[in-house]
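First the proteins, then the strands, lettered A, B, ... as listed; each starts at 1. Note: hydrogens, waters and symmetry copies are ignored here, and every other heavy atom, side chains too, is used.
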Amino acid sequence: MTITARIDMREQNPLEALQQFFAGILKLEDITAILVPQRLPTKNTIMPTLVTDASFLERVDPLAPSFPMNAARIASRLTRKPMGGKVAAVLRPCEIRAFIELVKLKQARREDILLISVDCLGALQNREYSKFAEQNGTESTLRFYKNVIGGNINEMEGVEFATACKACEYPVSENADIQIGLYGMKAGESILVKSQTEAGDHILKKMNLSEINEPPSRQDAIKTLISQRTGYRDEMFVKTREASDNLDKMTAYFSSCVNCYNCRVACPVCYCKECVFVTDVFNHDPYQYLQWATRKGIIKMPTDTLFYHITRLAHMSTACVGCGQCSNACPNDIPLMELFRTIAHKTQKIFEYEAGRSLDEKPPLSEFREDEFKEVVGID
Amino acid sequence: MSDFEPTIVAFFCNWCTYTAADLAGTSRLSYPHNIRIIRVMCTGMVDPQYIIKAFLEGADGVLVSGCRPGDCHYINGNYKARRRIKLLKEILPQFGFDQQRLRLTWIGASDGIHLAEIMRTFAGQIKALGPSQTKLKMVI
Ligand code: SF4
Ligand code: SF4
Ligand code: SF4
Ligand code: FES
């Protein structure tokens, strides 16, 4: 049985309504702490916070178009061992999908966590966000929410969504325990709350909410959004393929890469504790560089740039959730998400896999079937 | 073009294909000398990284070869290797590598003759494809 309910806003303020709802959850004896994005008091910056006292939820803001990091990593830190309590985590859909990948990689546990997703309104690149939020961040969030839900996107002049968000066809999470719905609800009036698992049911039952039927406008709004996003995504695939389909183009694509490896640090699903590229294996002997240079007369320094990126694709593209944090983290604005998603789309397809879709599907490279891919074996 | 001698890197599993290569050697079967054999314990340990490195360093072809189904000494390394090869055959062509340059075979320990044939065929095919771009150009 699922529970679908409505939370009404006061003074058209969704943030206050969410704050009340989260405080209500935190007060339940089932929940010990809540992980939720908040505006930090010192600066207009949104960061995940772990809260145990409901009076510290005043600055809750999961709607701001700010996505400083993929918090699946944080959720993994909190759940990799029993924490002695249960945490409710308010995450974006792509964070939930990354979290599910981490559970499958045994770097997180699903047991002690209640996943709460808020419909994702999209985000800006990090640098853009601070310009957007200026002095009064909360005001800017309310304006942003109204414009996106009210469909007045064009009123947000000068605001450019991150490419990852423009191409994201999962604005609503289907596998959170509790889904908080914004799309298809009247802007400034109410928010939808829906349980999608038994654990979610259990919590919502205790909250005395006013139950409703999901308004049909909601599924329509979601459908329209997904089809726009998918269209954008497919165009992006075509352009990206065109921009990288031979060695020269790949060299151009990555020519400003300085091997800082920020992209893999920011990536929620690049799973190694210690990436081989930062180990001594890649601290080559000085003589080795000279030898390489001598062979062709020239090498680009630092070396191993393409080696790193192609290897990363081979290691983790089947788990890529398209969150765009790689692009966000690159100091030289290399369109990483575009390339990683383009390849990931193909690699996930051959294994009939979709990153973050379900806990029941094993990561493709950790299993096999005896009677598959016969065409890749043999030479004749 | 005709004097192009391809460089082929071959990852052979210790228990089957490498033994077959040994057998081919002791039986004085000839196979192309431009195949550089790297002995690994199982094809299941060939990280895609090794193959990518070989190509970026200028290998014109890469051959991975291990035990037949059911014979892998680590039970299923060969099946896992097949998924990785499938994966690379999906990724590498996106960047202009011909997927024909990467091959997987399963050759038993007593199949020295078959192995020598396979190596000759593969070398011939790679020769026909011509040198890999990574051999001719700077790779960043
Ligand atoms: S690039 Fe590969 S080795 Fe490095 S962290 Fe990612 S998965 Fe691990
Ligand atoms: S590769 Fe980029 S888009 Fe894909 S999961 Fe990692 S950070 Fe997100
Ligand atoms: S973040 Fe950018 S510069 Fe740094 S390693 Fe990744 S692509 Fe290269
Ligand atoms: S031992 Fe030969 S393929 Fe695994």
Quiz item: Looking at Ile91(B) and Ala314(A), what are the two nearest heavy atoms and their distance?
Solution: CD1-CA, 3.7 Å

Exercise. Examine whether an atom of Glu367(A) lies under 4.5 Å from a heavy atom of chain B, and if so say whether it belongs to the side chain, the backbone or both; otherwise answer neither.
Key: both

Self-check item: Thr240(A) OG1 to Gln94(B) CD distance, which is reported to the nearest 0.5 Å
Solution: 8.5 Å

Practice problem: Give, as side chain, backbone, both or neither, the part of Leu88(B) having an atom under 4.5 angstrom from any heavy atom of chain A. | Solution: side chain

Quiz item: What residue in Lys349(A), Lys346(A), Glu370(A) has the most heavy-atom pairs under 4.5 Å with chain B?
Solution: Glu370(A)

Show me the donor-acceptor pairs, under 3.5 Å and distance only, between side chains in residues 108-121 of chain B and residues at least two apart or in other chains.
{"unit_1": "Asp111(B)", "atom_1": "OD2", "unit_2": "Arg68(B)", "atom_2": "NH2", "d": "3.4"}
{"unit_1": "Arg120(B)", "atom_1": "NH1", "unit_2": "Ser30(B)", "atom_2": "O", "d": "2.6"}
{"unit_1": "Thr121(B)", "atom_1": "OG1", "unit_2": "Glu117(B)", "atom_2": "O", "d": "2.8"}

Quiz prompt | Which of Thr347(A), Leu313(A), Ile299(A), Asp245(A) touches chain B most, by non-hydrogen pairs under 4.5 Å | solution = Asp245(A)

Quiz item: To the nearest 0.5 Å, what is the distance between CE (Met250(A)) and CD (Gln133(B))?
Solution: 14.0 Å

Self-check item: Top contributor to chain A contacts, counting heavy-atom pairs under 4.5 Å, from Leu104(B), Thr105(B), Leu56(B)
Solution: Leu104(B)

Quiz item: About how many Å separate CG of Leu87(B) and CZ of Phe351(A), when rounded to the nearest 0.5 Å?
Solution: 5.0 Å

Quiz item: Would you say the side-chain atoms of Gln125(B) pair up with the backbone N or O of Asp380(A), donor to acceptor, closer than 3.5 Å?
Solution: yes

Self-check item: Max heavy-atom pair count under 4.5 Å with chain A, selected residue of Gln100(B), Lys137(B), Gln99(B)
Solution: Lys137(B)

Self-check item: Top contributor to chain B contacts, counting heavy-atom pairs under 4.5 Å, from Leu247(A), Thr342(A), Val377(A)
Solution: Val377(A)

Quiz item: Can you say whether Pro364(A) sits under 4.5 Å from chain B via the side chain, the backbone, both, or neither, judging by heavy atoms?
Solution: both

Quiz prompt | Close contacts, residues 48-55 of chain B versus chain A, judged by heavy atoms under 4.5 Å | solution = Pro48(B), Gln49(B), Ile52(B), Lys53(B)

Quiz item: Going by residue number, which parts of residues 71-80 of chain B are within reach of chain A, meaning a heavy-atom gap below 4.5 Å?
Solution: Asn76(B), Tyr79(B), Lys80(B)

Practice problem: Verify the neighbour count for atom CD of Glu375(A): are there more than 12 heavy atoms of other residues, nucleotides or ligands below 6.0 Å? | Solution: yes

Quiz item: Heavy atoms, side chains only, cut-off 4.5 Å: are Val139(B) and Lys296(A) in contact?
Solution: yes

Quiz item: So which part of Ser244(A) gets closer than 4.5 Å to some heavy atom of chain B, the side chain, the backbone, both or neither?
Solution: both

Quiz prompt | residues 57-66 of chain B: residues contacting chain A (heavy atom under 4.5 Å, by number) | solution = Glu57(B), Leu63(B)

Self-check item: Atom group of Arg312(A) that falls short of 4.5 Å from chain B, counting heavy atoms
Solution: neither

Quiz item: Salt-bridged, Arg83(B) to Glu372(A), with N to O below 4.0 Å?
Solution: yes

Self-check item: Asn259(A) versus chain B, the contacting section by heavy-atom distance below 4.5 Å
Solution: neither

Practice problem: Under 4.5 Å heavy-atom distance to chain B, tell me which part of Ile298(A) shows up: side chain, backbone, both or neither. | Solution: both

Quiz prompt | Enclosure of Arg80(A) CZ (heavy-atom neighbours >12, cutoff 6.0 Å) | solution = no

Practice problem: Under 4.5 Å heavy-atom distance to chain A, tell me which part of Leu92(B) shows up: side chain, backbone, both or neither. | Solution: side chain

Quiz item: To the nearest 0.5 Å, how far apart are CE in Met301(A) and CD1 in Ile140(B)?
Solution: 13.5 Å

Quiz item: Which atoms of Phe277(A) come close to chain B, meaning under 4.5 Å heavy atom to heavy atom: side chain ones, backbone ones, both, or neither?
Solution: side chain

